[in-house]
Amino acid sequence: MAVKSVYICSECGYESAKWYGKCPSCGEWNTMEEHIPSPQIKGKTAAVSKSAPSSVRKLSEINSDIEKRILSGVNEFDRVLGGGIVEGSLVLLSGDPGIGKSTILLQICQPIGKSKKVLYVSGEESARQIKLRANRLGVTTENLFVLAQTDVLSIIETIKVEKPDIVIVDSIQTMVIDGISSTAGSVTQVRESTNLFMHLAKSLGIPIFIVGHVNKDGAIAGPKVLEHIVDTVLYFEGERNYSYRILRSVKNRFGSTNEIGVFEMTQNGLKEVENPSLLMLSGRPKNASGTCVACTMEGSRPILAEVQGLVTASGFGTPRRMSTGFDYNRMSMLIAVLEKRAGYFFNGMDAYLNIVGGLKLYEPAADLSVAIALISSLKDKVINEDALAFGEIGLAGEIRAVNNCEQRIAEAVRLGFTKCVIPFHNYKSLSKEIKTSADIIPVRNIRSAFEAVSE
Ligand code: TYD
Ligand code: MG
């Protein structure tokens, strides 16, 4: 019986028995790739299966000792993983090309190499290139072994013989399994290679890091199924024009996905940034209107960022609105609320908004500082430089409560802010120490918030 092939979309992983020019699921063109299922699985249905039953175990009898972790020695990296690298875990590190994935993985080899044996498998760079990069990064450990190879089966045999404590595979898109006809980077190759590495990681108890590139839409190139296979998915992101990078976990079977790590790319590799707020606020203008400091939660970490607004008379009939680092539609909504509910009029005015440092504010808690920055520019009134504001703005112009209020205030106080404008409904639940740590001003509406901070 001929083996029937299936077609899988390389963008979203959609499967179909028929080929399409355009994927019915994600709408991308020319992404359906042929995939031939392994013949031994064919013809096996549940009813005629000859498999022996497996034994089951009581949950209460399963050993639940805390999983063993290897510390990489880079605090920001360990924290994002939930407190170190779990033995036998498969971690996918993805991000745009050139963002620093190979750099960070090579860098952690140095502290890990003090006590553990690391194997760095590269399908992208030659051994010499890796050596040059290692020199630049100051990676000199004797315990780092390099293998420039793309054949997965040969890599697996090497790992079995060499028995390293940690394996790094850079990148999964260059890996090929001999015997699968499709090219490197295709859905089938990427998926099957990942499966093989997963089995290896689990059977030998070795943690394996795999690097995965991201396509233009920000998804991991290759099927989405890759994310389902692995234990942990880390994204390494940053703006090309800024030197800092954020490591974010979006899936973690061994920890929370709330953590981020902040790094700065320098001449000699990545440096940990222990105080990201300070980095974001450096170079703040003095006595300028149109700027207000916001406090956003990046996972469980509060980060301060400067919001800048510029409102000027428009030369055109339809005024321009532009926003960088903040949702454009939300900005338009906030301007509508300011006009209708607070009496600040922007008609005939262009409005520009920018979050300094390339940070993106997704949280509604940034609404209040955005509104204040815009009003400050509109009225050309300077905002007190020791003040900071956060709160969500509702369509009725009310300031709504936000989460993690105490943590945000504590971060502001740590960085020397003395005045915090917060939502009225958050005030009641604050502890006494927090209430006295700074001049806390609870507000119910936009106008009182603006009046509290403008000079
Ligand atoms: P790289 O780790 O090769 O990116 P990826 O593996 O994600 O594709 O990072 C390469 C970029 O980082 C490159 O553009 C140069 C820059 N870089 C530095 O600025 N300093 C350094 O010490 C290193 C090694 C790289
Ligand atoms: Mg690389």
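Counting convention: from 1, in listed order, for ligands and their atoms alike.
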S.K.: For the Mg ion (ligand 2), does an N/O/S atom of S171 lie at less than 2.8 Å?
M.R.: no
S.K.: Going by heavy-atom distance to atom 24 (C) of ligand 1, choose the closest among D96, T103, L132.
M.R.: T103
S.K.: Under 3.5 Å between some N or O of ligand 1 and some N or O of R133?
M.R.: yes
S.K.: Out of V250, L93, N252, L92, which one pairs with L234 under the side-chain contact (heavy atoms from CB on, under 4.5 Å) rule?
M.R.: L93
S.K.: Please check this pair: side chain of S377 against backbone of V311, looking for a donor-acceptor N/O pair closer than 3.5 Å.
M.R.: yes
S.K.: Taking side chain as C-beta onward, heavy atoms only, is M265 less than 4.5 Å from T103?
M.R.: yes
S.K.: Can you tell which part of N268 has a heavy atom less than 4.0 Å from ligand 1: side chain, backbone, both or neither?
M.R.: backbone
S.K.: Taking the non-hydrogen atoms of G269, is any one of them nearer than 4.0 angstrom to ligand 1?
M.R.: yes
S.K.: Is a side-chain N or O of R301 found less than 3.5 angstrom from the main chain of I260, in a donor-acceptor match?
M.R.: yes
S.K.: Taking distance alone, with no angle check, do G98 and ligand 1 share an N/O pair under 3.5 Å?
M.R.: yes
S.K.: Which residue and atom name correspond to the protein heavy atom nearest atom 4 (O) of ligand 1, and how close is it?
M.R.: G100 N, 3.2 Å
S.K.: With side-chain contact (heavy atoms from CB on, under 4.5 Å) as the test, would you mind laying out the steps for S102 and V211 before giving the verdict?
M.R.: CA-CA 8 Å; S102 310; V211 171; 5.6 Å; no
S.K.: Residues two or more places apart in sequence or in another chain: which of them pass ring pair (Phe, Tyr, Trp, His ring centres under 6.0 Å) with F326?
M.R.: none
S.K.: Quick one: nearest non-hydrogen protein atom to atom 19 (O) of ligand 1, plus distance?
M.R.: M265 CG, 3.3 Å
S.K.: Need the ligand 1 atom indices (1-based, order shown) with element for anything under 4.0 Å from a heavy-atom of L137.
M.R.: 22 (O), 24 (C)
S.K.: State whether the side chain of Q173 and the backbone N or O of H213 hold a donor-acceptor pair below 3.5 Å, judged by distance alone.
M.R.: yes
S.K.: What part of T266, side chain, backbone, both or neither, has a heavy atom within less than 4.0 angstrom of ligand 1?
M.R.: backbone
S.K.: Run S314 and R320 through side chain to side chain donor-acceptor pair (under 3.5 Å) and show every step you take.
M.R.: CA-CA 7 Å; S314 176; R320 286 195 70 175; over 6 Å; no
S.K.: Main chain of Q407, side chain of N404: is a donor-acceptor contact present, judged purely on distance under 3.5 Å?
M.R.: no
S.K.: Quick one: which of R136, R245, E125, K271 has a heavy atom closest to atom 23 (C) of ligand 1?
M.R.: R136
S.K.: Using heavy atoms and a threshold below 4.0 Å, how should the contact between P97 and ligand 1 be classified: side chain, backbone, both, or neither?
M.R.: backbone
S.K.: For ligand 1, is there an atom lying under 4.0 Å from some heavy atom of I104?
M.R.: no
